[in-house]
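Down below is the structure, laid out as structure tokens.
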Amino acid sequence: LFTFRDMIQSGCTPDVVIYNTLISGLCCNGKLDKAAELLDELINGECAPNARTYNALIHGCLKAGNADRALTTYQQMLDNGCNPDTVTYNTLIDWLCKEGKTDEALRLLEEMSGRRCDPDTYTYTTLIHGLFKAGKHDIALSTFTRMMKMGCNPDVVTYNMFIDSLCKEGKIDKALELLEGMTAMGCDPDTRTYNALIHSFLQAARTDMALSTFARMMEKGCSPSTATYNGLIGWLCKDGKTDKALELLQEMTGRGCYPDTRTYTTLIHGFFKAGRADMARSTLTRMKENGCSPNLVTYCTLIDGLCKGGKPDIALELVEEMIRGVGDPDIRMYTSLIDGFFQADRADMALSTFKRIVDKGCNPD
RNA sequence: GGAGUUGUCUAGGCCG
């Protein structure tokens, strides 16, 4: 933004592309107010915002969980005579699907056709994914048929979505058939395709298949990602093999897959499960040293583990650190914290945590 | 002519 202001100072006129870039960047960082200010600046200025401007802001609002603001922005778009495009609809359809409102999402699909706004592969993939998650298999399949009829070809993301959906329903063999199918259709599987399968095999305790899928992935020249390793580390941790998990942590770094918040959280959970609370705590230190920020899930894992392990005092310290570092947990997380303190026979801590909720103006449920 | 917006994989606790 400073560079941006300098640019204006020195007589350079920013165009809509610059504004869009800034707005989407601000949205990524959750700075919706600043982004909205830029939109106003654009509306009041001489170069008009376009669909991409609104799309970026609508998406930013939805990602931040602020649906009202997203809809207001959408209305503003319509009022200002800017026509929603396929991306606008895709963004809204994705949001509706994630809210479980697949009927409304389907209505938007109809609206698109009426407005000569052609649904694309994103539209259908998003919708089918939402329908699968809602358990509406028939409609998912008829939507797929419709997609094909409209001449819209599935891409690697569409196949990945199908493969993962099948895996999650325990239909791994059907998923494997689709793996062959996509290749036959000239669509090469990517890292996520294999990740979905490997994870599913691990869940199903079919270790041999998981490892052979991993080998196949490498053979095909597909590199494992951080998510691949996270899945493997999680499987080792569930099995109590935390030392092996640490070896994988080394290996992944060597292969350019950098551990992320999930990697460390998985390890922390594994260490508690294996009764190694000290290692769990030093993993927190290690992750911070490596520039990886703990999030609410990380803290909840630690706090729960410490409470169950009879160390509620340290847990309470972490509650403070968490609130300072990543903000307030929501009501459900507070509930489980309180539960943890009771489990550790520390009613006093449970009550003081409860008091915090009330003081924060957050309603206990 | 170029640039900016949307979909798929992996972690924890409480309650159902």
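Just so it is clear: chains get the letters A, B, ... in the order the sequence lines come, proteins before strands, and each one is counted from 1. Predicted, not measured: the structure shown is a model, and the values here were computed from it.
At a cut-off of 3.5 angstrom, counting only N and O atoms as typed in the model, there is a donor on one side and an acceptor on the other between the side-chain of Asn195(A) and the base of rC9(B). Counting distance only, with no hydrogens placed and no angle test, the side-chain atoms of Asp155(A) and the base atoms of rG7(B) include a donor-acceptor pair under 3.5 Å.
Using a cutoff of 4.0 Å between basic side-chain nitrogens and carboxylate oxygens, Glu99(A) and Lys133(A) are not scored as salt-bridged. Using a cut-off of 4.0 Å between Lys/Arg side-chain N and Asp/Glu carboxylate O, Asp304(A) and Lys308(A) are scored as salt-bridged. The existence of a salt bridge linking Lys63(A) and Asp94(A) is excluded, since no basic side-chain nitrogen approaches an acidic carboxylate oxygen closer than 4.0 Å. For the pair Asp190(A) and Arg192(A), the salt-bridge criterion is not met [side-chain N within less than 4.0 Å of a carboxylate O]. With respect to the salt-bridge test (charged N to carboxylate O, under 4.0 angstrom), the residues Arg356(A) and Glu320(A) qualify.
Within 4.0 Å (heavy atoms only), Lys273(A) reaches no atom of the nucleic acid at all. Base contact: Thr158(A) has a heavy atom under 4.0 Å from a base atom. At the heavy-atom level, Thr91(A) lies under 4.0 Å from the strands shown only through sugar-phosphate atoms. Base engagement by Ala227(A) is indicated by at least one non-hydrogen atom pair under 4.0 Å involving a base atom. Within the 4.0 angstrom heavy-atom criterion, only backbone atoms of the sugar-phosphate kind lie near Lys98(A); the bases stay farther away. Within 4.0 Å of Thr126(A), counting heavy atoms only, lie sugar-phosphate atoms of the nucleic acid but no base atom. As judged by a 4.0 angstrom heavy-atom cut-off over every strand, Lys133(A) is placed among residues making no nucleic acid contact. Here Thr121(A) lies in heavy-atom contact (under 4.0 Å) with a base.
Protein atom CG of Asp15(A) is 14 Å distant from nucleotide atom P of rU5(B), rounded to whole Å. Computed from coordinates, the Gln203(A) CD to rC9(B) C1' distance equals 12 Å when rounded to whole Å. The nearest whole Å value for the distance from the CZ atom in Phe341(A) to the C1' atom in rG13(B) is 13 Å. Nucleotide rU5(B) holds its P atom 12 Å from the CG atom of Leu22(A), rounded to whole Å. Taking atom CH2 of Trp95(A) as the reference point, atom C1' of rG7(B) lies 17 Å away to the nearest angstrom. The interatomic distance linking Asp120(A) (CG) with rU6(B) (P) rounds to 13 Å, in whole Å. Here rC9(B) presents its C1' atom at 8 Å from CG of Asn160(A), a figure rounded to the nearest Å. Between the P atom of rG12(B) and the CG atom of Leu267(A) lies a distance of 12 Å, rounded to the nearest Å.
Side-chain atoms of Asn90(A) lie closest to rU6(B) of the nucleotides rA11(B), rU6(B), rU8(B). Closest approach to the Ser336(A) side chain among rG13(B), rG7(B), rU10(B) is made by rG13(B) (side chain taken as heavy atoms from C-beta onward). Closest contact between the side chain of Ala196(A) and the listed nucleotides rC9(B), rC14(B), rU5(B) involves rC9(B). Minimum atom distance to the side chain of Val87(A) is reached by rU5(B), of the listed rG7(B), rA11(B), rU5(B). Residue Thr125(A) has its side chain nearest to rG7(B) when only rG7(B), rG12(B), rC14(B) are considered. Counting only heavy atoms from C-beta on, Tyr122(A) has its side chain closest to rU6(B) among rU8(B), rG13(B), rU6(B). Across rU5(B), rC9(B), rU10(B), the shortest atom-to-atom separation from the side chain of Arg262(A) is found for rU10(B). Here the side chain of His129(A) is nearest to one of rU5(B), rG13(B), rU8(B), namely rU8(B). Considering only the side chain of Lys308(A), rG13(B) comes nearest among rU8(B), rG13(B), rG12(B).
Lys34(A) places a side-chain heavy atom less than 4.5 Å from the side chain of Leu1(A).
Summarising the geometry, atom CZ belonging to Phe214(A) is positioned 4.5 Å from atom OH belonging to Tyr229(A); distances are rounded to the nearest 0.5 Å.
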